[in-house]
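Along the sequence shown, residues carry numbers from 1. These figures come from a predicted structure and were not determined experimentally.
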Amino acid sequence: MGLAGGPHCVAMCGAACAGIAQASPAHRNLSLWSFQLGRVVGYSALGALAAASLQGLGWLTIHSAALRPVWSLFHVAALVLGVMLLLQARQPVWLENTARRVWARARAFAARRTWGAPVIIGMLWALLPCGLLYSALLVASLAGSAAGGAMVMALF
């Protein structure tokens, strides 16, 4: 999925990633590698969280009849969001505004040019609204454990 989605990633995030390298020309390679390390850490943490939470939620729905309607409504909400994305061909306004606020704070942090800024931005990259990323998270959530989910996302 990661290799096949490469063109999507380059088209959608290539310019922003190139901007990371421009933040500190003297340390361009260090900035890029730090950013990539942060992405792997962020993606892995999100994959572990997805796998652990889905496993726990699945266990709860089997053992608690009261949560079955909530689980079904969760699936309906995900389906409605997917249909909205398909019909409107854009992110919902609330999600777009939240992402813009996070990105503005990340840019302000990177402007300080601290050594850890690329790592932090890479970790926050996992929170960007991206269909390919969230598709990979769905695959990671099907892993049998949190470690498995983290490994799936690290390989992504």
Side-chain angles (χ1 to χ4, degrees), residues 1-21 32-107 109-110 116-156:
M1 184 183 274
L3 289 175
H8 165 83
C9 297
V10 169
M12 298 304 289
C13 295
C17 291
I20 302 282
L32 282 175
W33 282 107
S34 298
F35 170 70
Q36 295 301 336
L37 174 69
R39 280 186 56 223
V40 170
V41 169
Y43 285 15
S44 297
L46 207 54
L49 179 66
S53 62
L54 190 67
Q55 296 299 321
L57 202 55
W59 181 86
L60 278 175
T61 59
I62 291 171
H63 293 33
S64 175
L67 286 179
R68 287 188 183 140
V70 174
W71 185 239
S72 296
L73 284 175
F74 175 75
H75 283 92
V76 170
L79 182 65
V80 167
L81 179 62
V83 170
M84 276 180 37
L85 289 170
L86 181 67
L87 294 177
Q88 294 180 350
R90 64 176 175 82
Q91 296 289 338
V93 174
W94 63 269
L95 188 57
E96 185 75 27
N97 290 339
T98 302
R100 287 182 190 274
R101 281 193 297 273
V102 168
W103 185 245
R105 288 182 183 160
R107 283 181 47 191
F109 181 75
V119 175
I120 300 296
I121 291 173
M123 290 170 59
L124 291 174
W125 209 263
L127 303 176
L128 289 176
C130 173
L132 183 61
L133 173 63
Y134 293 141
S135 297
L137 272 176
L138 180 63
V139 173
S141 71
L142 299 175
S145 65
M151 183 61 74
V152 167
M153 288 306 292
L155 292 173
F156 171 73

Test of understanding: with salt bridge (Lys or Arg N to Asp or Glu O under 4.0 Å), list the residues that count as partners of Arg101, not counting sequence neighbours.
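Per chain and number, Arg101 pairs via salt bridge (Lys or Arg N to Asp or Glu O under 4.0 Å) with no residue.
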
Which atom names give the shortest non-hydrogen contact between [X] and [Y], and what distance separates them?
X	Y	result
Ser141	Ala50	CB-O, 3.8 Å
Cys9	Leu132	SG-CD2, 3.9 Å
Gly149	Ala51	CA-CB, 3.8 Å
Val40	Ala154	CG1-CB, 4.3 Å
Gly47	Ala140	CA-CB, 4.2 Å
Cys130	His8	SG-NE2, 3.6 Å

Pairs where residues 81-96 contributes a residue and the test side-chain hydrogen bond (donor to acceptor under 3.5 Å, both in side chains) is met, not counting sequence neighbours
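Every pair satisfying side-chain hydrogen bond (donor to acceptor under 3.5 Å, both in side chains) with a residue in residues 81-96: Glu96-Arg100.
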
What's the spacing between Leu49 CG and Ser44 OG if we round to 0.5 Å?
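If I round to the nearest 0.5 Å, the distance is 12.5 Å.
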
Drop me the distance from Leu46's CG to Trp125's CH2, to the nearest 0.5 angstrom.
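Rounded to the nearest 0.5 Å, the CG-CH2 separation comes to 15.0 Å.
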
Sequence-distant partners of Phe74, ring-ring contact (aromatic ring centres under 6.0 Å, His included), two or more places apart:
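Partners of Phe74 under the ring-ring contact (aromatic ring centres under 6.0 Å, His included) test: Trp71.
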
From Leu3, Leu133, Leu137, Val139, residue fulfilling side chain to side chain contact (heavy atoms under 4.5 Å, CB included) relative to Phe156
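Only match with Phe156 under side chain to side chain contact (heavy atoms under 4.5 Å, CB included): Leu133.
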
Atom CG of Leu87 with >12 non-hydrogen neighbours under 6.0 angstrom:
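Yes, the 6.0 Å shell around CG holds more than 12 heavy atoms from other groups.
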
Would you call Leu85 and Pro92 a side-chain contact if the rule is heavy atoms closer than 4.5 Å?
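Yes, close enough: below the 4.5 Å cut-off.
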
